[in-house]
Amino acid sequence: MQEKKIILASDHGGVRLKNHLRDWLKAQSYQVIDCGCQADESVDYPDFALALIHQMQSDENARGILVCTTGIGMSMMANRFDFIRGALVQNTDMAKMCRSHNDANVLIFGAKYTDEKTAQECVEIFLNTPFEGGRHARRVNKLSCSGGQK
């Protein structure tokens with residue numbers, strides 16, 4: 001899956017974990033786009049989530065990673081958009097399930113609750129776990145604002 005683009009963004013509460021993941025992904029030869037922030041001075045998380053969302057809107061195959069202090073704010077912002085399926089995860093089982101059952105395309109971390117090693121393990125699983133489809137596809141289709149109605 002290394003041909004896919006990985007887009008990252010964080011607020012000040014998640015900048016250290018985001019930067020760690022950015023550097024680790026680059027060392028793994030992934031194409032990485034860092035939408036900020038770049039310092040631990042207070043910023044507004046919706047601005048940085050939106051920067052990631054705009055990048056993802058132009059590339060349906062991209063995967064995203066958002067980080068803030070708890071992950072809650074980033075989750076709320078990201079999931080306002082039909083084409084984003086963001087999953088706040090805290091362990092590797094959640095990372096696997098969000099891909100295999102929910103076809104998540106954005107992984108979300110709370111830096112206060114997720115250490116670097118766990119985050120790396122979750123990202124690796126997230127990037128390498130396929131969506132199972134089948135009965136799960138029917139459910140994922142219902143996540144859009146139209147409720148899967150066409």
Side-chain angles (χ1 to χ4, degrees), residues 1-11 13-15 17-22 24-26 28 30-37 43-150:
M1 174 159 317
Q2 290 186 330
E3 71 280 357
K4 291 198 185 236
K5 188 183 308 179
I6 313 300
I7 304 165
L8 296 99
S10 72
D11 69 355
V15 69
L17 181 57
K18 186 258 311 170
N19 288 347
H20 171 80
L21 293 172
R22 178 198 61 209
W24 175 74
L25 286 163
K26 284 182 177 181
Q28 304 294 315
Y30 282 95
Q31 179 186 358
V32 177
I33 297 174
D34 184 346
C35 295
C37 77
V43 297
D44 297 335
Y45 67 85
D47 297 337
F48 293 92
L50 197 55
L52 175 138
I53 290 160
H54 286 152
Q55 285 285 328
M56 290 196 64
Q57 192 169 21
S58 66
D59 186 350
E60 67 182 38
N61 293 316
R63 297 274 176 86
I65 300 171
L66 289 169
V67 189
C68 65
T69 301
T70 65
I72 296 168
M74 288 294 198
S75 295
M76 293 171 74
M77 184 64 186
N79 285 307
R80 296 176 66 88
F81 297 82
D82 276 355
F83 61 93
I84 300 292
R85 291 175 308 282
L88 175 58
V89 303
Q90 295 180 330
N91 59 55
T92 56
D93 187 55
M94 293 173 80
K96 180 180 178 186
M97 296 298 287
C98 81
R99 280 293 309 134
S100 63
H101 286 199
N102 305 113
D103 198 21
N105 59 358
V106 177
L107 194 61
I108 305 169
F109 292 113
K112 182 176 180 179
Y113 308 109
T114 309
D115 62 61
E116 292 176 353
K117 180 180 182 289
T118 301
Q120 274 183 217
E121 292 170 349
C122 289
V123 169
E124 189 168 8
I125 289 167
F126 176 74
L127 295 176
N128 291 297
T129 300
F131 177 50
E132 290 179 10
R135 70 183 191 276
H136 304 296
R138 180 182 74 245
R139 296 167 184 159
V140 169
N141 287 337
K142 292 181 178 183
L143 294 175
S144 70
C145 287
S146 63
Q149 304 298 315
K150 297 190 181 195

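Worth knowing before you read on, the calculation uses all heavy atoms, side chains too, and leaves out hydrogens, waters and symmetry mates.
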Practice task
Could you tell me whether the side chain of Glu124 reaches within less than 4.5 Å of the side chain of Trp24, counting heavy atoms only?
Solution key: yes
Exercise for the section: Tell me, please, which residues at least two apart from Asp34 pass side-chain hydrogen bond (donor to acceptor under 3.5 Å, both in side chains). Expected result: Lys18, Arg22, Gln38
Problem - Inter-residue atom distance Tyr45.OH - Ile72.CD1, 0.5 Å rounding - result: 9.5 Å
Exercise for the section: Could you tell me which residues satisfy side-chain hydrogen bond (donor to acceptor under 3.5 Å, both in side chains) with Gln120, sequence neighbours excluded, listed by chain and number? Expected result: His20
Problem - Validation row: Phe83, Gln57 side chains within 4.5 angstrom (heavy atoms) - result: yes
Practice task
Check whether any side-chain heavy atom of Arg85 sits under 4.5 Å from a side-chain heavy atom of Asn102, and report yes or no.
Solution key: no
Handout entry: Flag side-chain contact, heavy atom, 4.5 Å: Ser10 against Leu17
Key = no
Problem - Side chain to side chain, Asp11 and Asp44, heavy atoms closer than 4.5 Å - result: no
Handout entry: Close side-chain approach of Leu52 and Leu8, heavy atoms under 4.5 Å
Key = no
Problem - Side-chain heavy atoms of Leu21 within contact of Ile6, under 4.5 Å - result: no
Problem - Asp47: partners by side-chain hydrogen bond (donor to acceptor under 3.5 Å, both in side chains), with sequence neighbours left out - result: none
Exercise for the section: Report yes if the side chains of Leu127 and Tyr30 come closer than 4.5 Å at any heavy-atom pair, otherwise no. Expected result: yes
Practice task
Can you measure from CE (Met74) to CG (Leu88) and round to the nearest 0.5 angstrom?
Solution key: 11.5 Å
